[in-house]
Amino acid sequence: MKELITNLKGDKVIWAFVALLALFSFMPVFSASSNLAYMRHGSGNAFTYLLKHGIQIFVGFFIIYKIHKIPYHYFKTISWIMLPVVWILLVYTLMKGTIIDGANASRWIQIPFVGITFQTSTLASIVLYVYVARYLSKKRETPVTFQSSLIELWLPVFITLILILPANFSTAALIFSMVIMITFIGKYPLKYIGVILAAGIAGLTFFILVAKAFPDAFPNRVDTWMKRIDNFASDKPDEDVYQIEKAKIAIASGGIYGLGPGKSVQKNFLPQSSSDFIYAIIVEEYGLIGALTVLGMYLLLLFRFVIAAHKSPTLFAKLVVVGLGFPIIFQAMTNMAVAVELFPVTGQTLPLISSGGSSIWMTCIALGIILSVTRKEEEIAHEEAEKEKREIALQKLIDKQLQEDEEEEKINENEDFSIEDKANPLEPILKKN
């Protein structure tokens, strides 16, 4: 184990928080999956789901380990190559979105021969964030014009968002918000950001009007997320969605200390209790203390991302850490806000805690890239430390040599090397006389 830990490079604190969140996830996932086990198998034995989650976590850490070994600047080229591939996957997802438990899930596709469902929008978001960071770092030395950035930067962004929006409004909104944040941190001109925000709002309004006018032309997901927003905006109690009602009951039942691990009641009634609404189960079983602990771990992870971004050696590295790290935290906050009814239902999972292989693996890809950046920081710090040690050792040698030279000079000054003969030359003659 000690050898394994020493082989892990990059920010050890980020590694620690990721490991803690992953280890903690086993208890709520095991507890919340008992309802699925009962519904699908009639036994209530959730060991199969726990084993599946354990395999997903193990594969996720393997992904982090492999990716963090790749030099982070390679992802500049990878993002440029992967962007067209992502667009093809998004188009395929819209056309061939799979059905999960009888529900329309046009945001997912099924990987052939494996049987694993895969959410393409999460991969698209990672590729797009790195691509935006690449563009901003490349254009740092030259003045940015709106015309050039419209083609090179915003056209790929809006193509990606247009392909995601019909099936997954919450993810499209999250991606757009994070892209705006990255461009702001990358010192993209504020007046251009204002124009893009106005264009985004106008485009969304136009899309909603078209969806209302031609409901058959778009997937059922459009009506779903519009209905969710309407229900959230309404103050009538009977218009709360069933999921929110059960989540609030679970949270209210938790109290300060919770009912105890595995003793949740609402997991038997709350849909998606092991994924979208797992935070409500955490609050019910672990109480306010458990809820604040999970929230605090994400906030500490955010703080560590800020430190990593500050220490990053290049602008591209800074933007990559911000662009990939902040969405993880924002997604976690969104998931928790939905559980306590601060946001409408979005379908966002709780990173590293909710069950679901593809969501865990996409988060691990992002974390692997971030750790690749921090690994470079660690290497630079190590090189500087070694350089400083060499300079100190060289200075010690120089000081030692100077000291020896000074001592030798002092010795030479104290010794008398004159050849003067002080004897009287007439002494032999005087003795004869």
Side-chain angles (χ1 to χ4, degrees), residues 1-2 4-30 53-54 56-70 72 122 125-126 129 174 178 181 261 275 278-279 281-283 285-286 288-312 317-318 320-337 339 348-357 359-378 381:
M1 180 61 70
K2 185 177 180 180
L4 176 62
I5 294 174
T6 54
N7 287 332
L8 298 179
K9 305 299 181 182
D11 194 312
K12 297 297 191 297
V13 178
I14 294 178
W15 274 110
F17 278 118
V18 171
L20 286 173
L21 287 169
L23 287 173
F24 174 77
S25 70
F26 281 90
M27 284 303 295
V29 166
F30 180 69
H53 181 70
Q56 292 167 351
I57 291 292
F58 176 80
V59 173
F61 272 84
F62 180 77
I63 290 172
I64 296 176
Y65 180 79
K66 285 297 182 183
I67 290 181
H68 99 290
K69 292 286 188 181
I70 302 173
Y72 74 91
T122 53
S125 64
I126 293 173
Y129 296 150
L174 174 63
M178 291 299 106
M181 183 193 68
S275 55
I278 197 168
Y279 189 67
I281 304 302
I282 291 173
V283 178
E285 294 187 349
Y286 299 93
L288 182 62
I289 294 175
L292 293 178
T293 300
V294 173
L295 176 61
M297 290 177 70
Y298 282 113
L299 291 177
L300 289 172
L301 189 59
L302 172 63
F303 179 70
R304 201 63 197 179
F305 287 153
V306 172
I307 293 176
H310 179 71
K311 291 182 178 180
S312 298
K318 294 179 187 295
V320 164
V321 172
V322 170
L324 296 180
F326 282 33
I328 295 174
I329 308 303
F330 192 77
Q331 180 182 336
M333 298 301 166
T334 302
N335 177 278
M336 290 184 263
Q348 298 293 330
T349 58
L350 194 58
L352 297 171
I353 293 181
S354 295
S355 62
S359 62
I360 292 173
W361 298 337
M362 292 302 106
T363 302
C364 290
I365 289 174
L367 289 169
I369 298 173
I370 292 171
L371 287 168
S372 174
V373 173
T374 61
R375 185 173 73 93
K376 184 63 177 179
E377 297 170 13
E378 193 177 70

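- Evaluation of the ring-ring contact (aromatic ring centres under 6.0 Å, His included) rule for Tyr286 yields Phe24 as partners, not counting sequence neighbours.
- Across all non-hydrogen atoms, the minimal contact from Ser359 to Thr363 is O-OG1, 2.9 Å.
- Using modelled atom types, no side-chain atom of Ser372 and backbone atom of Gly368 make a donor-acceptor pair closer than 3.5 Å.
- To the nearest 0.5 Å, the span separating CD1 on Ile282 from OG1 on Thr293 amounts to 10.5 Å.
- Rounding to the nearest 0.5 angstrom, the gap separating the CG atom in Leu23 from the CG atom in Leu352 is 11.0 Å.
- In this structure, the separation between NE2 on His68 and OG1 on Thr374 is 7.5 Å, given to the nearest 0.5 Å.
- Between Lys318 and His310, the shortest heavy-atom distance links the atoms NZ-O, 3.1 Å.
- The two residues His53 and Ile353 have their closest heavy-atom pair at CE1-O, 3.9 Å.
- Annotation: the span from Ile370 atom CD1 to Ile64 atom CD1 amounts to 9.5 Å, rounded to 0.5 Å.
- With rounding to the nearest 0.5 Å, the separation of NZ in Lys12 from CD1 in Ile14 is 11.0 Å.
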Under 3.5 Å donor-acceptor pairs involving side-chain atoms of residues 298-308, not counting sequence neighbours:
from	atom 1	to	atom 2	distance (Å)
Tyr298	OH	Pro351	O	2.5
Arg304	NE	Asp11	OD1	3.2
Arg304	NE	Asp11	OD2	2.8
Arg304	NH2	Asp11	OD2	3.3

Worked verdict on Val294 versus Met297 for side chain to side chain contact (heavy atoms under 4.5 Å, CB included): CA-CA 5 Å; Val294 173; Met297 290 177 70; 5.6 Å; no
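- Within 6.0 Å of atom CZ in Phe26, more than 12 heavy atoms from other residues, nucleotides or ligands are found, so the atom counts as buried in its surroundings.
- For the pair Tyr279 (side chain) and Ala291 (backbone), a donor-acceptor distance under 3.5 Å is present.
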Step by step, work out the side chain to side chain contact (heavy atoms under 4.5 Å, CB included) result for Trp361 and Phe62. CA-CA 10 Å; Trp361 298 337; Phe62 180 77; over 6 Å; no
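- Of the inter-residue distances, the one linking Ile278 atom CD1 with Ser25 atom OG reads 7.5 Å to the nearest 0.5 angstrom.
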List the atom pairs, with distances to 0.1 Å, where a side-chain N or O of residues 320-331 and a protein N or O form a donor-acceptor pair under 3.5 Å, not counting sequence neighbours.
from	atom 1	to	atom 2	distance (Å)
Gln331	NE2	Thr349	O	3.0
Gln331	NE2	Thr349	OG1	3.1

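- For the residue pair Ile70 and Arg375, the shortest heavy atom distance occurs at C-NH2, 4.0 Å.
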